[in-house]
Amino acid sequence: MWKTARREIKLERPLVMGILNVTPDSFSDGGSFATVEEALVQAERMIGEGADIIDIGGESTRPGSLQITASEEIGRVVPVIQTIAERFDTPISIDTSKAAVAKAAVDAGAEIIDDISGLRWEPELADVAAAAGAGLIIMHSRGEFTTMHSQPPVDDIIATVLAEVRSSVETAIERGVAREQIVIDVGIGFGKTPEQNLELIAKLDRLVSEFEGYPLLIGASRKSFIGKLLNEPDPQKRVAGSIAAAALAVWQGARIVRVHDVKATADAVRIVSALRAKL
């Protein structure tokens, strides 16, 4: 079970988290769902296609993006969260690294906080999760907001992720977050080389073992390492590669995959789960 602010989510099967960016500049779908009406239509479509969770983001974290203020981010996400929460019972996650945004989002109906900084930028975000009983996704990344995609590579990415995520988990627990609230994201694409992204997915079973008791989430959808492997500069044409990455991650033990293409990924995950059940 994964404890959130509104329920306990069963993890007996791998879950699909649908990405809903309400930003003008996200790398794959920026500007596509900028209004509340457009976002609601997309959320309904993803839920119909099999999304178990909707992850709403109001600030782009693509390479070269500029950080916006908390008030601007709140203005983008809160009306969307309120509308979707009133219409559907599907769990909503807020993709933010700001404590003020997390608090406003939870008050509006979100029940999970997805922090790309792993509590490094604003540890107070853990206080929000603890007070609300919200699910907390601790993602591994390196550097600050403007430098996280331009970090020099580390020698051993597995050891680095293990050490730094453990530190973030300790911070969360010290601030009152229960173990049952925490999910770990190894942070594909954030301060890693293309080869290291591949290594993290290929060796995910080791990370699952090392982080026993904490479900692992993988978000590789349409990312640049897939584009480089496939020689495909257009993120929207990386669907097949994204599904392959998600399927292998699930085979290696991921309990949640964060994706743009819900229907195709949900179908692939169902097949992988059926195959694993025969082992």
Got Val250 and Val257 here, is their nearest side-chain heavy-atom distance under 4.5 Å?
yes
Give the minimum heavy-atom separation between Ala51 and Val262, together with the two atoms involved.
N-CG1, 3.5 Å
Glu73 meets the side chain to side chain donor-acceptor pair (under 3.5 Å) criterion, sequence neighbours left out, with Thr96, Lys98
So, Glu199 side chain and Gln196 main chain: donor-acceptor pair closer than 3.5 Å or not?
no
Contact between Ile81 and Ile94 at the side-chain level, heavy atoms closer than 4.5 Å - yes or no?
yes
Give the minimum heavy-atom separation between Ala220 and Ile226, together with the two atoms involved.
O-CD1, 3.3 Å
Go through it in stages, so that I can follow the logic: the residues are Ile201 and Phe225, the test is side chain to side chain contact (heavy atoms under 4.5 Å, CB included), and I'd like the CA-CA distance, side-chain angles, deciding distance and then a yes or no.
CA-CA 12 Å; Ile201 296 173; Phe225 82 98; 3.9 Å; yes
Check for a donor-acceptor pair, side chain of Thr147 on one end and backbone N or O of Ser150 on the other, with a separation under 3.5 Å.
no
Non-hydrogen side-chain atoms of Glu49 and Thr265 separated by less than 4.5 Å
no
Give a yes or no answer on whether the side chain of Ser97 reaches the backbone of Ile116 with a donor-acceptor pair at less than 3.5 Å.
no
Backbone of Gly118 reached by a side-chain donor or acceptor of Ser168 within 3.5 Å
yes
Quick check: does any side chain N or O of Glu232 sit under 3.5 Å from a backbone N or O of Asp234, one acting as donor and the other as acceptor?
yes
With a 4.0 Å cut-off, would you call Asp261 and Arg222 a salt bridge?
yes
Can you list the residues that meet the side chain to side chain donor-acceptor pair (under 3.5 Å) rule with Arg87, with sequence neighbours excluded?
none
Start with the C-alpha gap between Asp185 and Arg258, add the side-chain angles, then the distance that decides, and say whether salt bridge (charged side-chain N to carboxylate O under 4.0 Å, His left out) holds.
CA-CA 10 Å; Asp185 180 350; Arg258 182 179 180 273; over 6 Å; no
Checking the side chain of Gln181 only, and the main-chain atoms of Ala134 only, is there a donor and an acceptor separated by less than 3.5 Å?
yes
Below 4.5 Å, heavy atoms only, C-beta onward: do Glu164 and Arg142 meet side chain to side chain?
yes
Is Trp251 close to Leu279 at the side-chain level, that is, under 4.5 Å between some pair of heavy atoms?
yes
Just so I know, are the side chains of Arg175 and Thr171 near enough to count as touching, which here means a heavy-atom distance under 4.5 Å?
yes
Among Leu162, Leu200, Asn197, find the one that has a side-chain contact (heavy atoms from CB on, under 4.5 Å) with Ile157.
Leu200
Distance-only side-chain donor-acceptor flag, Ser117 / Asp115, under 3.5 Å:
yes
Could you check whether Lys103 pairs with Asp107 (Lys NZ or Arg NE/NH1/NH2 to Asp/Glu carboxylate O, under 4.0 Å)?
yes
Path from Met17 to Val80 over hydrophobic side-chain contacts below 4.5 Å:
no
Student check: side-chain heavy atoms of Lys192 and His140 closer than 4.5 Å
yes
Going through the distances and angles, do His149 and Phe190 end up as a ring-ring contact (aromatic ring centres under 6.0 Å, His included)?
CA-CA 6 Å; His149 294 292; Phe190 288 81; 5.1 Å; yes
Short side-chain to backbone donor-acceptor contact, Arg206 and Ile158, under 3.5 Å:
no
Quick test of your reading of the model: are Asp52 and Arg13 salt-bridged, counting only N-O distances below 4.0 Å?
yes
Arg166/Glu210 ion pair, N-O < 4.0 Å
yes
Quiz question: by atom type and distance under 3.5 Å, do the side chains of Glu38 and Thr35 form a donor-acceptor pair?
yes
To the nearest 0.5 Å, how far apart are CZ in Phe88 and CG in Leu40?
5.5 Å
Run Arg120 and Ser141 through side chain to side chain donor-acceptor pair (under 3.5 Å) and show every step you take.
CA-CA 9 Å; Arg120 293 184 301 110; Ser141 59; 2.9 Å; yes
Expected output: side-chain Thr160 to main-chain Asp156 donor-acceptor under 3.5 Å
yes
Check whether any side-chain heavy atom of Phe145 sits under 4.5 Å from a side-chain heavy atom of Glu59, and report yes or no.
yes
Rounded distance (nearest 0.5 Å) linking atom CD1 of Ile256 with atom CD1 of Ile9
7.5 Å
Are Asp89 and Arg7 close enough for a salt bridge, meaning some N to O gap below 4.0 Å?
yes
In short, Gly135 meets Trp2 closest at the heavy-atom pair CA-NE1, 3.7 Å
